[in-house]
Amino acid sequence: MDTFSPVQGVHWGPHPELFHTRVGQHPARLRNLHFVFAVMARAVSMLGPHLERVLLEAPMDHTMDHTRRNHIRALLQELVSPPVDAVGSGACSDVLGAFDASSLFNGPDGPELKVELERRLIRMGE
């Protein structure tokens with residue numbers, strides 16, 4: 001999908017070479033990216049109903065018309081509950097369940113994992 005930034009003439013889209021140089025060649029960055037994706041996917045799936053309510057309650061104005069609202073609702077629904085016939089939809093439940101906060105710190109390695117998570121989150125925020 002080709003998109004353009006608000007800056008006139010600046011093209012946004014896939015850039016595999018840049019990804020490979022900045023992320024793909026760095027295993028730690030790739031793990032961080034996967035971790036953040038798993039956390040965000042889980043958060044969005046858990047917040048789906050609340051986001052839907054916020055979207056429905058958003059006032060209509062020049063920034064939010066019916067067409068835009070319906071488009072956002074459709075994207076949100078697809079993210080939270082992908083259609084059964086979607087490509088890779090079987091993997092969606094695996095991804096959404098990849099970050100299970102209730103069991104993340106259980107077990108003998110729990111305290112160590114918690115410290116590691118905090119350390120990674122701090123490093124990613126720097």
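In this text, all values refer to a predicted model and were calculated from it rather than measured experimentally. Side-chain atoms are counted along with the backbone in the values below, which use heavy atoms only and exclude waters and symmetry mates.
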Output all residues satisfying side chain to side chain contact (heavy atoms under 4.5 Å, CB included) with His20, sequence neighbours left out; order by chain, then residue number.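 Scan of His20 (side chain to side chain contact (heavy atoms under 4.5 Å, CB included), adjacent residues dropped) gives Gln25.
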
What pairs with Val115 under side chain to side chain contact (heavy atoms under 4.5 Å, CB included), at least two apart in sequence or on another chain? none

Can you confirm whether His26 is buried at NE2, in the sense that more than 12 heavy atoms of other residues, nucleotides or ligands lie under 6.0 Å from that atom?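 Buried by this count: over 12 neighbours within 6.0 Å.
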
Glu116: which residues meet the salt bridge (Lys or Arg N to Asp or Glu O under 4.0 Å) condition with it, sequence neighbours left out?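 Salt bridge (Lys or Arg N to Asp or Glu O under 4.0 Å) list for Glu116, sorted by chain: Arg119, Arg120.
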
Do Leu30 and Phe19 come close enough that some side-chain heavy atom pair is under 4.5 Å?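 In short, these two side chains touch, coming nearer than 4.5 Å.
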
In this structure, CZ of Arg22 is separated from CD of Glu17 (nearest 0.5 Å) by 12.5 Å

Smallest heavy-atom separation, Pro108 atom then Pro111 atom, equals O-CD, 4.0 Å

